[in-house]
Amino acid sequence: MSQLKNSVLESSITGIKQIKQKKAKLQIVALTGSGVSKGSGIPTFRGKDGLWKNYNAMDLATPQAFGRDPKLVWEWYSWRIGLILEKNPNPAHYTLVKLQDEGLLKWIITQNVDSLHMRAGSKNMLEVHGNIFRAKCTSCSNKIMLDTAPEKPPMCECGEMLRPDVVWFGESLDQQIIMKSYDILTNETDILLVIGTSGVVYPVADFPFLAKRNGAIIVEFNVDPTPISQIADYTILGKAEEILPKFVEAIVKIEE
Ligand code: BJW
Ligand code: ZN
């Protein structure tokens, strides 16, 4: 059962110290969601200030919506691209880079499409829901990168329309990325940090459960409890941009 107190930060460090006594090199993996970019000023999807408060997911983030009105869908994505370009990574992103540089964090599995982990300098990253700065052809296999917000729906050189290279509701996730994620969560994860995700969107919502079944310790960072809190060994309540740096600082000290 997870502990939902603020002293949880300290008990999580004590718990990790105990695991460290049994295993010389810890393998830490981070699973991130939109809450990690909230501190950069990028809205999350759900919750009171979330994108889905003002926009209907089914009108904007499904292949059917794009089929009906590609211009509307591109307008929404262009607006988001413009917004993200004005923002910068926050301490939550940078602190994961530090953990990676220390050789402790092996992988970041992110649902975020905003490239902020990459802009902060993270490596070994799996973007399971795609990337908003990439567009793919609706007809051929062409993909292009976008460095500015498109003013009108971009077209492929083959003459067909390009679409955002993100995963919409009802679409399958990239099979290779999913298989790699399953492999990491099954075989390479001693500690899974679950940061800023509501844990309601499948199949990613199952990832912490898979890691747990395979023996990983789950440490969750969120401003509110989520369905993942039920299986989390520690749920540390607070803003990722504030609590994650404290957690990482303590973890790095254990290693020294
Ligand atoms: C902070 C904070 C701070 C705030 N610090 N924390 C099984 C069961 C039920 C349903 C399904 C199922 N399998 C499939 C489905 C359907 C569907 C689904 O899951 N629906 C549920 C919503 C019910 N899944 C799919 O369709 C997926 N495809 C699939 O499964 O294919 C196989 C299949 C095909 C056909 C039929 C059946 C199966 C695809 C899902 C694609 C999701 N796409 C989006 C949009 C991406 C593109 C874009 O950006 O436009 O991905 S939706 C949106 O949700 C986005 C996110 O990556 C994803 C997750 O959201 P996230 O990141 O967790 O954000 P929030 O807002 O939900 O939460 C933020 C959290 O942060 C909160 O907890 C806050 O408290 C916290 N927070 N500030 C720390 N400062
Ligand atoms: Zn094409």
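Just so it is clear, the model here is predicted, and its values are computed rather than measured. Counting convention: from 1, in listed order, for ligands and their atoms alike.
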Study note, to complete from the structure: shortest atom 69 (C) of ligand 1-to-protein heavy-atom contact is with S34 OG, 3.5 Å
Exercise for review: Decide whether S122 and H93 meet the rule of one side-chain donor and one side-chain acceptor closer than 3.5 Å.
Suggested key: no
Exercise for review: Distance to 0.1 Å, residue and atom name: give those for the protein heavy atom nearest to atom 36 (C) of ligand 1.
Suggested key: G170 O, 4.5 Å
Practice item. Answer yes if the side chains of E220 and T235 hold a donor-acceptor pair under 3.5 Å, and no otherwise. Key: yes
Point to revise | Polar atom proximity, F169 to ligand 1 (N or O, under 3.5 Å) | key: no
**Study point:** Selected option - heavy-atom contact closest to atom 76 (C) of ligand 1, from I178, I243, N222, T226
**Key:** N222
Point to revise | Side-chain heavy atoms of I191 within contact of Q27, under 4.5 Å | key: no
Review point. Between F45 and V128, is there a shared hydrophobic cluster once you connect ILVMFWY residues whose side-chain heavy atoms come closer than 4.5 Å?
Key: no
Check your understanding: Considering only heavy atoms, which of Y202, F45, F221 lies nearest to atom 9 (C) of ligand 1?
Key -> Y202
Check your understanding: Is R213 salt-bridged to D206, going by a charged N under 4.0 Å from an acidic O?
Key -> no
Review point. So how far is it from R119 CZ to I84 CD1, rounded to the nearest 0.5 Å?
Key: 8.5 Å
Check your understanding: So which heavy atom on L51 is nearest to which on P43, and how close?
Key -> CD2-CG, 3.8 Å
Check your understanding: Looking only at side chains, do T32 and Q111 share a donor and an acceptor under 3.5 Å apart?
Key -> no
**Study point:** Polar protein atoms (N, O or S) that approach the Zn ion (ligand 2) to under 2.8 Å
**Key:** C137 SG, C140 SG, C156 SG, C158 SG
Check your understanding: Going by heavy atoms, is P203 under 4.0 Å from ligand 1?
Key -> yes
Revision key, fill the gap. closest protein heavy atom to atom 80 (N) of ligand 1 is E241 OE1, 3.1 Å
**Study point:** Proximity winner for atom 28 (N) of ligand 1, if only heavy atoms of H129, R46, E171, K38 are counted
**Key:** E171
Point to revise | Side-chain touch N214/T189, heavy atoms, less than 4.5 angstrom | key: no
Check your understanding: Heavy-atom distance to atom 45 (C) of ligand 1: which of V166, V36, V167 wins?
Key -> V167
Check your understanding: For atom 67 (O) of ligand 1, which of S37, A205, P43, S198 has the closest heavy atom?
Key -> S198
Practice item. Would you mind checking which non-hydrogen protein atom is closest to atom 79 (C) of ligand 1, with the distance to 0.1 Å? Key: A240 N, 3.5 Å
Exercise for review: Could you check atom 1 (C) of ligand 1 against the protein and tell me its nearest heavy-atom contact, residue, atom and distance included?
Suggested key: G35 CA, 3.6 Å
Practice item. Name the closest protein heavy atom to atom 59 (C) of ligand 1, giving the residue it belongs to and the distance to 0.1 Å. Key: Q111 OE1, 3.3 Å
Exercise for review: With atom 21 (C) of ligand 1 as the reference point, say which of V113, L244, D114, V200 has the nearest heavy atom.
Suggested key: V200
Practice item. Only counting residues at least two apart or in another chain, list the ones meeting side chain to side chain contact (heavy atoms under 4.5 Å, CB included) with M155. Key: M161
Practice item. Compare G199, G196, G238 and give the one whose heavy atom is closest to atom 71 (O) of ligand 1. Key: G196
**Study point:** Pairing residues for K212 by the side-chain hydrogen bond (donor to acceptor under 3.5 Å, both in side chains) criterion, not counting sequence neighbours
**Key:** D233
Check your understanding: Any idea which protein heavy atom is nearest atom 63 (O) of ligand 1, and the distance to it?
Key -> T197 OG1, 2.6 Å
Check your understanding: Any side-chain heavy-atom pair from N88 and L116 closer than 4.5 angstrom?
Key -> no
Check your understanding: For ligand 1, is there an N or O atom under 3.5 Å from any N or O atom of R80?
Key -> yes
**Study point:** Partner residues of K71 under the side-chain hydrogen bond (donor to acceptor under 3.5 Å, both in side chains) criterion, sequence neighbours left out
**Key:** E75
